[in-house]
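Shown next, in structure tokens, is the structure this report addresses.
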Amino acid sequence: MTVKTRFAPSPTGMLHIGGARTALFSWLYARHFGGEFVLRIEDTDKERSTDEATQVILDGMKWLGLDWDGEPVFQGARQNKHIAAVNKLLNEGKAYKCYCSKERLDCMREKQRIEGKKAMYDGTCRNLTEEQDTPFVVRFKSPEDGETWVKDLVLGDVCFPNEEIDDLIIMRTDGTPTYNLAVVVDDADMGITHVVRGSDHLNNTPRQIQLYNALGLDVPQFAHIPLIHGADGAKMSKRHGSVAITEYREKGYLPHAVNNYLARLGWSHGDDEVFSREQLIEYFDLAHVGASPSRFDQDKLDWLNAHWIKASKPADLVDEVNYFLKLDTSNGPALVDVIPALQERSKNMIELADGARMFYVAPTEYQEKAVKKNFKEGTWALLDTFISKAESENWSGEAAHQWIADICEAEDVNMGKLAQPIRILIAGVPVSPPIDVTLGLLGKDETLKRIKTGIAALKS
Ligand code: GLU
């Protein structure tokens, strides 16, 4: 059997950290087995579903590199299949039309509340023989006794007594099928073998299993992933960082760092914390997904981000650096050559891009405090000597570094007396990667141009 999983978000909101983790686990499971991973946009709630939300979900998935097979499937476009399933159940006497008015149902629930009973449909229309000429919903005839077992790959076997499951509405008064019905029809039709989703759906699963059985469809395997809690143990909310996954990009996180972090949020592989994408695919299994909620840990995410910024191949960082740089880099050194100079010193991609900017944009201002501190009487002469040296000899970063050392030694001053002024003139601030690397990347012409422009600006 080829494994086929899906991610089935409702485009009624953003793709947040919990949804992204569900998508990741589902994707990893399929990729681990060389199976298929599909994306189904559950846009049946027309009022709350928006194209923007769909786009945010697609963008988030793409950014994380969770590629799906084939085109995304839109659930709304499959309504005929859902209606056909409802009619099949009606024809076979496995579902019925319920004419109960809202008032009647309110009254029923109130009575149940007073009697301390669980609120559930009392089956009034279950055995009606006459059709009525009033609006109706269609309810599924749920078995009255026995039990429904969810054999969950993460939570283990979970038993639901059937008497606690009431007759579910599978089609609304307006003729639209409901979530539980649509999801069963679609998962079966799309050949989904493993339904990986958040444990907030666990209570739907016995209902869905009953529907599979009634429709004569194969029941897939289920894996319900425990929710993510904030560091304080409360359900994850915006306050805890549960923002759209794309906002992690804005904050300078690397997609792989987010994936690595999310994978460990609930899944374990010994004591390992750091996994490459290939390792995640190789090691991932549902057996090692824990059954209790995981706690979101911002420090660990930050640590993994810094780790992956250092450990990634420069070429793999180019897209993210460009995302923040937003400028033409063709007039300067290749970004892949600049990135290694900054990987060690950057905690996030914003810092890395900020560090790279100086190689493409000459300063127009020079930090006042730094100028005051580093430009003294003798500075101009040191700079002049450096310029003459550079103009008459072969340029390289190492050579430039050596000239600075020699010039300073001859004057019996420490290297910072010349290196810092040069930094300020080429970057506007007294910080840059090591001076040999920086000057090597910037090149002779650009370095000298900036130094001369800077001297003129500071002297005027
Ligand atoms: N559309 C549902 C949701 O976004 C998920 C359904 C499922 O995974 O079965 O919560």
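Atom set for the values below is all heavy atoms of this structure, side chains included, hydrogens, waters and symmetry mates excluded. One-based numbering, in listed order, for ligands and for the atoms of each.
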Q: Run the salt-bridge test on Glu320 and Arg249 with the 4.0 Å N-O cut-off and return the result as yes or no.
A: yes
Q. So, Arg197 versus Thr22: side-chain donor-acceptor pair below 3.5 Å or not?
A. no
Q. Taking any residue with a non-hydrogen atom under 4.0 angstrom from an atom of ligand 1, which ones do you get?
A. Arg6, Ala8, Pro9, Ser10, Glu42, Tyr179, Val183, Arg197, His201
Q | Contacts of Asp299 that satisfy salt bridge (Lys or Arg N to Asp or Glu O under 4.0 Å) - sequence neighbours left out | A | none
Q. Can you name the residues that form a salt bridge (Lys or Arg N to Asp or Glu O under 4.0 Å) with Lys449, not counting sequence neighbours?
A. Glu446
Could you go through residues 357-364 and list every donor-acceptor pair under 3.5 Å that involves a side-chain atom there, pairing it with any protein atom two or more places apart or in another chain?
{"residue": "Arg357", "atom": "NH1", "partner": "Asp354", "partner atom": "OD1", "Å": "2.7"}
{"residue": "Arg357", "atom": "NH2", "partner": "Phe324", "partner atom": "O", "Å": "3.3"}
{"residue": "Tyr360", "atom": "OH", "partner": "Pro333", "partner atom": "O", "Å": "2.6"}

Q. Distance under 6.0 Å and angle within 45° of the ring axis: does Arg277 meet both against Phe275?
A. no
